[in-house]
Amino acid sequence: MSLHSLPASHFNLEKTLNSGQVFHWMPHNSGFAGTIGEKLAYLEQHGETLLFSGVDANSVTRYLALDHPIEQILDSFPGDTAMKRAAEYSAGIRIIRQPAWECLATFLTSAVKQVFQIRGISLTIRSRFGQRLRGGNLCAFAYPNPEILAAVRLEQLIECKLGFRAQNLLSTARIVAGGGIDLEALRILPTEEARQALVQLPGVGEKIANCVLLFAYERLDAIPIDVWIARMLSDVYFKGRGKISITEMKAFASMYFGVYAGYAQQYLFHHWRMTYRKKDDRSSPLSK
DNA sequence: ATCCAGGATAGCG
DNA sequence: CGCTATCATGGA
């Protein structure tokens with residue numbers, strides 16, 4: 001497969017693919033092998049040039065969100081110290097545009113799991129139930145569509161180390177495959193209406209719904225509040241105020257971080273998660 | 001061995 | 001609304 005190229009400024013491929021928003025890309029040669037939708041793709045970055053094969057330039061641009069107004073987004077971030085450090089550490093991360101089902105299903109399996117484990121679960125589900133894609137010396141598996149997962153037995157999902165998440169994934173796959181929700185129709189809905197539709201699905205609460213809204217539906221103001229973001233907010237923006245409720249965190253975050261709050265959240269999440277150690281290690285992002 | 005992980009949910013006050 | 005127990009599994 002021949003390599004094509006695209007200009008890519010303010011972009012970091014490795015950080016984008018390893019920042020906990022997508023979980024299936026595999027290191028290969030000097031880049032990464034994976035899937036964009038149903039197609040096998042290879043991506044490799046050299047400075048401000050992105051090399052790719054297997055898919056067309058348009059789909060790469062859309063998937064990696066190279067068309068986002070990144071300078072405008074960065075300018076919208078608040079100017080406090082924690083945000084500045086996160087913006088520097090996470091520089092180049094894009095909020096990518098994932099296929100809706102793949103994103104929804106993957107985050108359904110993410111509940112109370114480490115990023116490393118979510119990746120393992122994702123790769124296992126792909127290799128057991130997804131279509132095997134080959135090209136040149138590349139190989140990857142597409143994420144199985146709802147119809148495929150709706151037809152598997154619960155025990156097969158439990159074998160993928162899903163634990164209590166298995167029933168949620170199976171039930172949701174059956175609802176989607178049966179037409180109980182139209183994931184593509186959500187694209188034209190206002191964010192709050194789309195959120196209300198998503199949380200009807202078993203295993204999907206507000207946090208996972210916000211992940212799907214942010215990573216698949218281009219709602220860049222959606223803020224998933226997970227344990228890391230909650231800890232970060234408590235340690236930085238609510239410092240010394242004891243225990244803060246999720247409701248209060250939500251209200252503050254959407255107000256303080258603005259229209260690109262989801263982007264700010266992702267930069268903070270990645271920085272916090274990658275640099276946080278135990279307190280007695282004195283190497284938290286604040287003290288460095 | 002103990003705590004924790006990109007949570008959701010039902011039950012309770 | 002806010003708090004708590006429960007869910008299943010493996011990493012740190």
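Atom set for the values below is all heavy atoms of this structure, side chains included, hydrogens, waters and symmetry mates excluded. Below, chain A is the first sequence line, B the second, and so on; all start at residue 1.
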query = What is the nucleic acid contact for A:L108, judged by heavy atoms within less than 4.0 Å: base, sugar-phosphate only, or nothing?
reply = nothing
task = Classify the nucleic acid contact of A:Q167 as base, sugar-phosphate or nothing, counting any heavy atom under 4.0 Å across all strands shown.
result = nothing
key: Stacked cation flag A:K15 on A:Y89, 6.0 angstrom / 45 deg   = yes
request  = Select from A:I225 and A:L201 the residue whose nearest nucleotide in DNA chain B is closer to the 5' end of that strand.
outcome  = A:I225
message = Please classify the nucleic acid contact of A:G20 as base, sugar-phosphate, or nothing, using heavy-atom distances under 4.0 Å.
response = base
key: Complementary nucleotide for B:dG11 - Watson-Crick or wobble, under 3.5 Å   = C:dC3
request  = Run the ring-centre check on A:F257 versus A:Y237 and record whether the distance is less than 6.0 Å.
outcome  = yes
query = A:R231 has an atom CZ; how far is it from atom P of B:dG7, in whole Å?
reply = 10 Å
key: Annotated protein contacts, base or backbone, on nucleotides 2-12 of chain C with a non-hydrogen cut-off under 4.0 Å, one of B, S, - each   = S----BBBBS-
message = Heavy atoms only, 4.0 Å cut-off, all strands: where does A:T109 land among base, sugar-phosphate and nothing?
response = nothing
request  = Write out all pairs satisfying side-chain hydrogen bond (donor to acceptor under 3.5 Å, both in side chains) with one or both partners inside residues 159-169 of chain A, taking only residues at least two apart or from two chains.
outcome  = A:Q167-A:S171
ask   = Does a salt bridge link A:R187 with A:E184, judged by any charged N lying under 4.0 Å from a carboxylate O?
value = yes
query = If we only count heavy atoms from C-beta on, is the A:N210 to A:R195 side-chain gap below 4.5 Å?
reply = yes
query = B:dT9 P sits how many Å from A:N168 CG, rounded?
reply = 7 Å
ask   = Quick check: does any side chain N or O of A:Y260 sit under 3.5 Å from a backbone N or O of A:L74, one acting as donor and the other as acceptor?
value = no
task = Name the nucleic acid region contacted by A:V204, choosing base, sugar-phosphate or nothing; use a 4.0 angstrom heavy-atom cut-off, strictly under.
result = sugar-phosphate
query = Which part of the nucleic acid, if any, lies within contact of A:R119, taking any heavy atom under 4.0 Å across all strands shown: a base, the sugar-phosphate backbone alone, or nothing?
reply = nothing
message = Tell me whether the rings of A:Y63 and A:W25 are parallel (<30°), tilted (30 to 60°) or perpendicular (>60°).
response = tilted
request  = Starting at atom CD1 of A:I229, determine the distance to atom P of B:dA5, rounded to an integer number of angstrom.
outcome  = 13 Å
